[in-house]
Amino acid sequence: VVTASLLAGLSMVSGAAFAQTSGTIGAGISHIDADGGGDADTYGINGGVTLPVGGNLAVLLEGAYNTNDDADVDTLSGAAHLISRDANGAFGGFVGLANVDAGVADDNVFSVGGEYAKFFDASTLALTVAYMTADDSDIDAWGLNGEYRIFANDNLRFDLGGGWAKVDTAFGDGDGFTVGAGVEYRFAGSPISLGGNVSYIDSDDLGDSTVVGATLRFDFGNDSLKSRDRTGNTFGSVNGLLSFLQ
C-alpha cells in the first residue's frame, strides 16, 4: 500500500517540486492498560512525506506498521492526502487502506475523509472527519477528531486532542471517545525529536483503557517542528479509528 501510494505521488511531482519534499521517519512504543483486560505493549514504525504539486496543492503520503504481541495483532496501514495550503491554514481529503492481522483472521479496512487546519501565530487547530469500513468483519465506523497544537517555541510543541466514533457491527452499534495530551521536543541543530503522549479511550464494546506512549522521530526537509506543521505533515495519521475496530 505504501509503495503504491509513493509511486503515484512521485509521478505527479516535477523536479523543482521534488526539491521541496519533506517528511519524517519515526518509531514508537505504547503501553495499553485496559480496565479488566490486562496490559499490552505495542511497537511500531511510521513515516510520512510531503510532495508539493504546484501552487498551493500538496500530496501527503503516510505509512505505518504496528504490532501488539500480547493481543497477537499486526497492523499495516497507508494513506494519501491531497490538500490545499497557504499561510492561514489548510484543507483537503484523504483515502487510506489498512490490513489488520489478528492471528486467526485478517481484515482490510478502507477509509476516506476530509480535514481542515487553521494556523495561528503560536498554535494550530486541526480537525478530521472520517469513515472506515471493514467488509470481512462487517464493521463500519464514523469519527470526528480534533487536535490543538501549541508551540512554546519552534521546536517545542504541546498537543491537546479529543475524538468521537460511532461503530456499527453485525451485533449492534456502539459509541466511543478519546481524550489525550502530548509533547514533542526537537533538539537544536538536529533532525531528531523525542515525544511523549497519554490518552484515555472509552468504548461501549471494548471498555476503558489508558495508553501511554513515547516516540523517536527523524525529520528531513523541515527546519523545525513548527515548519513541519505549516509546510510539511500538517495532518498526521488518519488511523485513530482503528483502535475502535480492532
Practice problem: Could you walk me through whether R85 and T234 pass side chain to side chain donor-acceptor pair (under 3.5 Å), step by step? | Solution: CA-CA 9 Å; R85 177 169 50 195; T234 299; 2.6 Å; yes
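- Contact between F119 and A87 at its shortest, heavy atoms only, is CD1-O, 3.6 Å.
- Counting heavy atoms from C-beta outward, L194 and F187 have side chains that approach closer than 4.5 Å.
- Between atom CG of residue D202 and atom CG of residue D175 there is a gap of 10.0 Å, rounded to the nearest 0.5 Å.
- Annotation: side chain of L61 is in contact with side chain of L51 (closest heavy-atom distance under 4.5 Å).
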Practice problem: Give the C-alpha distance, both sets of side-chain angles, the deciding distance and a yes or no for side chain to side chain donor-acceptor pair (under 3.5 Å) between R230 and T124. | Solution: CA-CA 9 Å; R230 303 302 169 88; T124 297; 3.2 Å; yes
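- With hydrogens and angles left out, the side-chain atoms of N145 and T128 include no donor and acceptor closer than 3.5 Å.
- Between the side chains of S137 and D107, at least one donor-acceptor pair of N or O atoms lies under 3.5 Å.
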Practice problem: Please lay out, stage by stage, how Y148 and S123 fare under the test side chain to side chain donor-acceptor pair (under 3.5 Å). | Solution: CA-CA 7 Å; Y148 188 58; S123 62; 2.9 Å; yes
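- In this structure the side chain of I32 reaches within 4.5 angstrom of the side chain of T42, judged on heavy atoms.
- Within the model, atoms CZ of R186 and CG of N153 stand 12.0 Å from one another, a figure rounded to the nearest 0.5 Å.
- With hydrogens and angles disregarded, a donor-acceptor distance shorter than 3.5 Å links the side chain of T178 to the backbone of Y200.
- With a 4.5 Å cut-off between side-chain heavy atoms of Ile, Leu, Val, Met, Phe, Trp and Tyr, the cluster of V212 takes in V198.
- Checked against a 6.0 Å centroid threshold, the rings of F177 and W164 do not count as neighbours.
- Under the side chain to side chain contact (heavy atoms under 4.5 Å, CB included) rule, R149 has a single partner from D159, L225, L125, L160, which is D159.
- Heavy-atom minimum distance, A58 versus V53: N-CG2, 4.0 Å.
- A 4.5 Å side-chain heavy-atom check between F218 and I192 finds at least one atom pair inside the cut-off.
- I29 and L216 fall into different hydrophobic clusters, where Ile, Leu, Val, Met, Phe, Trp and Tyr are joined by side-chain heavy atoms under 4.5 Å apart, directly or via other members.
- Separating the CG atom in D86 from the CG atom in N56 is a distance of 5.5 Å, to the nearest 0.5 Å.
- Among the candidates D219, T50, N222, N233, the single residue satisfying the side-chain hydrogen bond (donor to acceptor under 3.5 Å, both in side chains) test with R228 is D219.
- Here the straight-line distance linking atom CD1 of I45 with atom CG of N66 works out to 9.0 Å at 0.5 Å rounding.
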Exercise. Apply side chain to side chain contact (heavy atoms under 4.5 Å, CB included) to V73 and D101, showing your working.
Key: CA-CA 6 Å; V73 176; D101 185 349; over 6 Å; no
Quiz item: Does the pair V109 and V100 meet the rule for a side chain to side chain contact (heavy atoms under 4.5 Å, CB included), with working shown?
Solution: CA-CA 8 Å; V109 182; V100 181; 4.1 Å; yes
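- Residues S30 and V211 share a closest heavy-atom pair of CB-CG1, 3.9 Å.
- Pairing each heavy atom of A90 with each of I83, the nearest pair is CB-CD1, 4.4 Å.
- Contact record, A98 with S77: CB-CB, 3.7 Å, taken as the closest heavy-atom pair.
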Self-check item: side chain to side chain contact (heavy atoms under 4.5 Å, CB included) evaluation trace for R217 with N46
Solution: CA-CA 9 Å; R217 195 168 300 280; N46 57 77; 2.9 Å; yes
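- Using a 4.5 Å cut-off on side-chain heavy atoms (C-beta onward), R157 and K226 make no contact.
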Quiz prompt | N108 and D135: CA distance, side-chain angles, deciding distance, side chain to side chain contact (heavy atoms under 4.5 Å, CB included) verdict | solution = CA-CA 7 Å; N108 292 318; D135 288 339; over 6 Å; no
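- One distance of note links CZ of F220 with OG1 of T24; it measures 7.0 Å at 0.5 Å rounding.
- Residues L156 and F151 fail the side-chain proximity criterion, which asks for heavy atoms closer than 4.5 Å.
- Under 3.5 Å, the side chains of Y185 and N155 contain no donor-acceptor pair of N or O atoms.
- Looking only at side-chain heavy atoms (C-beta outward), V167 and D140 stay at 4.5 Å or farther from each other.
- Taking the six-membered ring where the residue is Trp, F235 and H81 present parallel rings, their angle staying beneath 30° rather than reaching 60°.
- The number of heavy atoms from other shown groups lying within 6.0 Å of CZ (F91) does not exceed 12.
- To the nearest 0.5 Å, atom CG of residue N99 and atom CG of residue L76 are 6.5 Å apart.
- By the 4.5 Å heavy-atom criterion applied to side chains, F94 and S111 are counted as neighbours.
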